[in-house]
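Beneath this line is the structure, given in C-alpha cells, with notes to follow.
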Amino acid sequence: MATEISSTIKAWTYSEYGNSVDVLKFDPNVALPDVKDDQVLIKVAAASLNPIDYKRMAGGFKASDSPLPTAPGYDVAGVVVKVGSEVKKFKVGDEVYGDINPNALEHPKVIGSLAEYTAAEETVLAHKPKNLSFAEAASLPLTIETAYVGLELAGFSAGKSILVLGGAGGVGTHIIQLAKHVFGASKVAATSSTKKLELLSKLGADLPIDYTKENFEDLPEKFDVVYDTVGETEKAFKALKEGGKVVTIVPPGFPPSIFFILASNGAILEKLNPYLESGKVKPVLDPKSPFPFSQSVEAFSYLETGRVTGKVVIHPIP
C-alpha cells in the first residue's frame with residue numbers, strides 16, 4: 001500500500017512568519033514526510049486548528065520552532081498507511097487520532113496535520129473511537145488532553161467543585177465534561193458570553209455564568225479549583241476556597257497558580273476512549289465547522305476572531 005503514495009503531497013504551508021491571511025499558501029508539491037522507526041505515516045482525513053497554530057505562525061515561538069517552510073496543524077484524525085519498524089500498537093489500515101507534537105513548543109513537526117499525509121510517533125496517537133467521525137475525532141486531542149492534564153495537576157477528584165473560565169472554548173468544553181462525567185465533580189461552574197450559556201448547561205455545568213453581566217470573582221460561592229483558559233489568573237484566586245488551586249494554560253501564569261504546556265500523550269486518549277464511545281463525553285465542533293481544505297485560510301481567520309464555540313475543524317482533506 002505504501003508504494004501507491006506519491007513522493008509529493010498537497011499541504012498548506014508558510015515560508016515566513018506573519019498573519020495567516022498573508023502567509024498561509026496552498027502548496028501542491030510538498031515532499032512526503034519521512035517515517036522514523038517509532039512513527040507511523042497517516043493519510044489525513046481531518047485536522048483541527050488551535051490558537052497555538054496561529055501564534056506559532058505569527059512567530060511567537062521562533063527560538064524553538066522548526067525550520068520554515070512548515071505546514072501547521074497539531075490535531076489529526078486519519079488512517080495509518082505505513083508503520084516504522086519499532087511500532088507495536090498500530091498496523092496499516094488502523095483509524096487513529098492524536099496531537100502529533102510530543103512537546104507543543106519544541107520543534108513541532110515540519111509537516112503538520114494541514115496536509116494530505118503526516119508522520120507521528122506511536123506514543124502520541126490512539127485508536128479513533130468507533131462512534132466518532134474523523135472530523136469529530138480530529139477536534140479532540142490537544143484540547144481534551146489539556147483539560148485532563150490540568151485537572152490531574154490540580155488534584156481534582158470526586159466531590160470537589162470547579163469554576164471554568166472560558167467554558168465554551170476548545171479546552172473549556174472538555175474541562176466541564178471531564179470534571180462532571182469522568183472526575184465526579186460535586187459542582188461545575190463556567191463562564192461564557194450570553195449566547196453560549198445554554199451550551200454550558202448541556203455539557204454539564206451546574207452554574208453557567210454570563211461574564212458580560214456578572215464578575216465571577218464577586219460571587220459569594222468559592223471553588224476548590226479554578227481552571228483558567230482565558231488569562232484571568234489573578235482574578236481567579238478571588239474565587240478560590242481556602243487551600244484551593246488555580247490551573248492556567250495562559251502564560252505567564254502568576255505563581256502560585258499551576259501553569260503548564262501540554263506534552264502530547266496518546267495514552268490519555270486511550271483512557272478517555274470509553275467515555276467518548278459511551279457518549280458521556282462529546283466532541284464540540286463550532287457550528288461553522290467543518291471547513292473544506294480549500295478554505296483553510298478562512299478557517300484560521302475565523303479562529304482568530306476569538307468567538308469560536310468548541311473547535312474549528314478542516315474536513316475532508318484530499
Side-chain angles (χ1 to χ4, degrees), residues 1-50 52-54 56-57 59 61-62 65-87 90-102 106-122 124-125 128 134-135 137-138 141-142 264 290-301 312-318:
M1 190 168 176
T3 52
E4 298 163 20
I5 302 165
S6 167
S7 60
T8 59
I9 62 171
K10 302 182 187 84
W12 284 91
T13 65
Y14 54 96
S15 304
E16 58 184 322
Y17 293 115
N19 294 325
S20 56
V21 70
D22 299 319
V23 300
L24 192 62
K25 310 285 183 203
F26 178 72
D27 188 342
N29 279 314
V30 174
L32 182 73
D34 290 329
V35 182
K36 297 176 181 154
D37 291 344
D38 63 341
Q39 292 181 331
V40 302
L41 185 67
I42 301 162
K43 171 78 175 81
V44 182
S48 75
L49 306 184
N50 294 282
I52 194 169
D53 287 306
Y54 65 73
R56 180 185 165 209
M57 203 182 311
F61 316 123
K62 280 181 191 173
D65 205 353
S66 299
L68 301 181
T70 189
Y74 283 63
D75 285 330
V76 71
V79 179
V80 173
V81 292
K82 188 177 178 183
V83 294
S85 59
E86 292 168 14
V87 172
F90 303 109
K91 61 186 186 305
V92 170
D94 282 357
E95 297 183 347
V96 296
Y97 74 130
D99 164 2
I100 63 171
N101 291 311
E106 291 172 32
H107 310 294
K109 298 279 188 295
V110 173
I111 302 301
S113 56
L114 223 53
E116 278 185 285
Y117 293 88
T118 192
E121 289 75 11
E122 171 179 42
V124 300
L125 299 170
K128 181 179 80 64
F134 283 113
L142 188 149
S264 175
F291 284 78
F293 190 57
S294 60
Q295 289 181 15
S296 294
V297 174
E298 289 87 340
F300 265 109
S301 297
V312 170
V313 175
I314 310 286
H315 172 77
I317 290 178

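Nearest heavy-atom pair across Phe293 and Ile314 is CA-CG2, 3.6 Å. The two atoms that bring Ile317 and Glu116 nearest to each other are CG2-CA, 4.0 Å, heavy atoms only. Minimum heavy-atom separation, Val23 to Tyr14: O-CB, 3.4 Å. Smallest separation of non-hydrogen atoms from Val312 and Ala299: CG1-CB, 3.9 Å. When all heavy atoms of Asp65 and His107 are compared, the pair lying nearest together is O-ND1, 3.6 Å. Nearest heavy atoms, Pro141 versus Ala138: CD-O, 3.5 Å.
By the side-chain contact (heavy atoms from CB on, under 4.5 Å) test, Ala45 is found to be paired with Phe134, residues two or more places apart in sequence or in another chain being considered. Shown here are the side-chain contact (heavy atoms from CB on, under 4.5 Å) partners of Pro69, two or more places apart in sequence or in another chain: Ser15. Residues passing the ring pair (Phe, Tyr, Trp, His ring centres under 6.0 Å) test with Phe61, sequence neighbours excluded: none. Ala115 meets the side-chain contact (heavy atoms from CB on, under 4.5 Å) test with Ile9, Ala11, Ile111; sequence neighbours excluded. With sequence neighbours excluded, no residue forms a salt bridge (Lys or Arg N to Asp or Glu O under 4.0 Å) with Lys62. For Gln295, the side-chain contact (heavy atoms from CB on, under 4.5 Å) partners at least two apart in sequence or on another chain are Phe291, Pro292, Glu298. With sequence neighbours excluded, the residues that form a side chain to side chain donor-acceptor pair (under 3.5 Å) with Ser85 are Asp37. Legend: residues meeting salt bridge (Lys or Arg N to Asp or Glu O under 4.0 Å) with Glu95, ordered by chain and number and at least two apart, are Lys128. Shown here are the side chain to side chain donor-acceptor pair (under 3.5 Å) partners of Ser264, two or more places apart in sequence or in another chain: there are none. When the side chain to side chain donor-acceptor pair (under 3.5 Å) test is applied to Glu121, the partners found at least two apart in sequence or on another chain are Gln39, Lys109.
The CZ atom of Phe300 sits 6.0 Å away from atom CG of Leu114, with the distance rounded to the nearest 0.5 Å. Annotation: the span from Ser296 atom OG to Leu49 atom CG amounts to 7.0 Å, rounded to 0.5 Å. To the nearest 0.5 Å, atom OG of residue Ser113 and atom CG of residue Asp53 are 7.0 Å apart.
No side-chain heavy atom of Asp94 sits less than 4.5 Å from a side-chain heavy atom of Val83.
Other residues, nucleotides and ligands contribute only 12 or fewer heavy atoms inside 6.0 Å of the NZ atom of Lys10.
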Could you list the donor-acceptor pairs under 3.5 angstrom formed between side-chain atoms of residues 70-80 and any protein atom two or more places apart in sequence or on another chain?
from: Thr70; atom 1: OG1; to: Arg56; atom 2: NH2; distance (Å): 3.1
from: Thr70; atom 1: OG1; to: Val110; atom 2: O; distance (Å): 2.7
from: Tyr74; atom 1: OH; to: Ala104; atom 2: O; distance (Å): 2.5
from: Asp75; atom 1: OD1; to: Leu142; atom 2: N; distance (Å): 2.9
from: Asp75; atom 1: OD2; to: Ser48; atom 2: OG; distance (Å): 2.9
from: Asp75; atom 1: OD2; to: Asn50; atom 2: ND2; distance (Å): 2.9
from: Asp75; atom 1: OD2; to: Lys311; atom 2: NZ; distance (Å): 3.1

Let me have the donor-acceptor pairs involving side chains of residues 25-36, under 3.5 Å, with sequence neighbours excluded, atom names and distances please.
from: Lys25; atom 1: NZ; to: Asp22; atom 2: O; distance (Å): 3.1
from: Asp27; atom 1: OD1; to: Asn29; atom 2: N; distance (Å): 2.8

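Evaluated for a side chain to side chain contact (heavy atoms under 4.5 Å, CB included) with Val81, the options Ile5, Ile42, Val40 yield exactly one hit, Ile5.
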